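First up is the structure itself, then whatever we jot down about it.
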Amino acid sequence: MRKYLIILLLCLGSKAFAQDKYWQQYVNYNIDVTLNDQDKSLKGFETIVYKNNSPSELDFIWFHIWPNAYKQESTALFQQIKNDTSRVKKLDKYTYGSIEGLNFKVNGKTAETEPHPNPQYIDVIKLKLKSPLKPGDSVTITTDFKVKLPSYFSRSGFADGEFMICQWYPKPAVFDKNGWHEFPYLDMGEFL
């Protein structure tokens with residue numbers, strides 16, 4: 001009898017676990033970008049199709065504009081490096097970087113953005129949607145952008161005639177069952 005009770009509990013537990021339906025947002029990128037090796041910049045245009053596969057309506061989408069992590073010394077990236085004695089020597093000589101020229105449109109209409117409330121997160125912005133994005137619906141988001149590359153001191157930039165470029169285009173933050181993950185770009189680890 002005990003053996004059957006354990007099997008029954010395992011089956012019920014598996015069924016309850018299976019009902020916790022997994023979902024993830026769908027994001028499709030089309031990016032046209034050019035590297036200008038003379039002024040050490042990228043110039044591009046991006047089209048994103050963002051499909052809401054969540055059970056929630058979305059009034060906004062957090063966007064990572066991570067090149068702004070290199071814009072000034074008050075960013076979370078600089079603070080992380082400055083607070084780690086093993087990495088602070090990276091900041092002996094450097095030039096700043098940034099992203100500019102953003103003009104977000106959602107389904108062809110100009111969209112408003114607002115900064116993140118944390119002043120160290122100038123590399124995260126909120127893209128406001130004019131109408132809620134319902135579960136199962138999609139929007140098309142476009143923007144121009146220009147990235148001024150920093151000198152290389154942390155995973156992205158230029159040095160000695162070479163370019164090491166990562167996290168250079170505007171992209172939506174992860175939204176999952178735990179909500180938004182709109183964290184800043186850091187010297188070690190921003191992936192989720």
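Quick note: residue numbers are just sequence positions, from 1. Source: prediction; values computed, not measured.
- Checked against side chain to side chain donor-acceptor pair (under 3.5 Å), Thr140 has no partners two or more places apart in sequence or in another chain.
- For the residue pair Asp144 and Asn103, the shortest heavy atom distance occurs at N-OD1, 2.9 Å.
- Checking side-chain atoms of Gln80 against main-chain N and O of Thr75 turns up no donor-acceptor pair under 3.5 Å.
- The shortest heavy-atom contact between Ser56 and Asn52 is O-ND2, 2.7 Å.
- Considering CG of Asp123 and CD1 of Ile125, their distance stands at 10.5 Å, rounded to 0.5 Å.
- Sorted by first and then second residue, the ring pair (Phe, Tyr, Trp, His ring centres under 6.0 Å) pairs involving residues 24-43 (not counting sequence neighbours) are Tyr29-Tyr169.
- By the 4.5 Å heavy-atom criterion applied to side chains, Lys177 and Tyr22 are not counted as neighbours.
- Between Leu58 and Trp180 there is a side-chain heavy-atom pair separated by less than 4.5 Å.
- Contact of the Ile61 side chain with the Leu129 side chain is registered, since non-hydrogen atoms from C-beta on lie closer than 4.5 Å.
- Figure legend: cation-pi geometry between Lys71 and Tyr96 absent, as NZ or CZ is not positioned both under 6.0 Å from the six-membered ring centre and within 45° of its axis.
- Proximity of Trp168 to Phe145: side-chain heavy atoms (C-beta onward) are separated by under 4.5 Å at one or more points.
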One pair to check against side chain to side chain contact (heavy atoms under 4.5 Å, CB included): Trp66 and Lys171. What are the steps and the verdict? CA-CA 9 Å; Trp66 280 335; Lys171 64 181 179 177; 3.6 Å; yes
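- Side-chain contact, His181 with Asp176: a donor N or O sits under 3.5 Å from an acceptor N or O.
- The two residues Leu102 and Pro170 have their closest heavy-atom pair at CD2-CG, 3.8 Å.
- Counting non-hydrogen atoms of other residues, nucleotides and ligands closer than 6.0 Å to NZ of Lys146 gives a total of 12 or fewer.
- Note that CD1 of Ile99 is 13.5 Å distant from NZ of Lys148, once rounded to the nearest 0.5 Å.
- Side chains of Thr95 and Phe158 form a contact here, defined as non-hydrogen atoms less than 4.5 Å apart.
- In this structure, the side chain of His116 does not engage the main chain of Pro184 through any donor-acceptor pair within 3.5 Å.
- For the pair Lys128 and Phe60, the cation does not sit on the ring face, since its NZ or CZ is not both under 6.0 Å from the ring centre and inside 45° of the axis.
- Sorted by first then second residue, the side chain to side chain donor-acceptor pair (under 3.5 Å) pairs that include residues 129-138, not counting sequence neighbours, are Glu57-Lys134.
- Residues Ser156 and Pro150 share a closest heavy-atom pair of O-CG, 3.5 Å.
- Between atom OG of residue Ser54 and atom CH2 of residue Trp23 there is a gap of 4.5 Å, rounded to the nearest 0.5 Å.
- Shortest non-hydrogen contact noted between Ser154 and Leu77 is OG-CD1, 3.8 Å.
- For Phe104, the ring pair (Phe, Tyr, Trp, His ring centres under 6.0 Å) partners at least two apart in sequence or on another chain are Phe63.
- Considering OG of Ser41 and CG of Leu35, their distance stands at 7.5 Å, rounded to 0.5 Å.
- Every side chain to side chain donor-acceptor pair (under 3.5 Å) that Gln72 has, sequence neighbours left out, goes to Ser74.
- A perpendicular orientation is assigned to the rings of Phe153 and Tyr70, their planes being inclined by more than 60° (bins at 30° and 60°).
- One hydrophobic cluster, built from ILVMFWY side chains closer than 4.5 Å, cannot hold both Ile122 and Val124; they sit in different ones.
- Rounded to the nearest 0.5 angstrom, Gln167 CD and Tyr185 OH are separated by 6.5 Å.
- Taking CG from Leu42 and CG from Asp37, the interatomic distance works out to 11.0 Å, rounded to the nearest 0.5 Å.
- Under the 4.5 Å side-chain criterion, counting only non-hydrogen atoms from C-beta, Leu149 is in contact with Phe163.
- Here the side chain of Asn36 pairs a donor or acceptor atom with the backbone of Gln38 at under 3.5 angstrom.
- The minimum heavy-atom distance between Leu127 and Val106, with the atom names listed, is CD2-CG2, 4.0 Å.
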Only pairs under 3.5 Å count here: list side-chain donor-acceptor contacts from residues 43-51, not counting sequence neighbours, and write none if there are none.
unit_1	atom_1	unit_2	atom_2	d
Tyr50	OH	Gln25	NE2	3.2

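- Between Pro172 and Trp62 the shortest side-chain heavy-atom distance does not fall below 4.5 Å.
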Between Met164 and Arg155, does the side chain to side chain contact (heavy atoms under 4.5 Å, CB included) criterion hold? Intermediate values first, please. CA-CA 7 Å; Met164 291 124 319; Arg155 299 186 338 188; over 6 Å; no
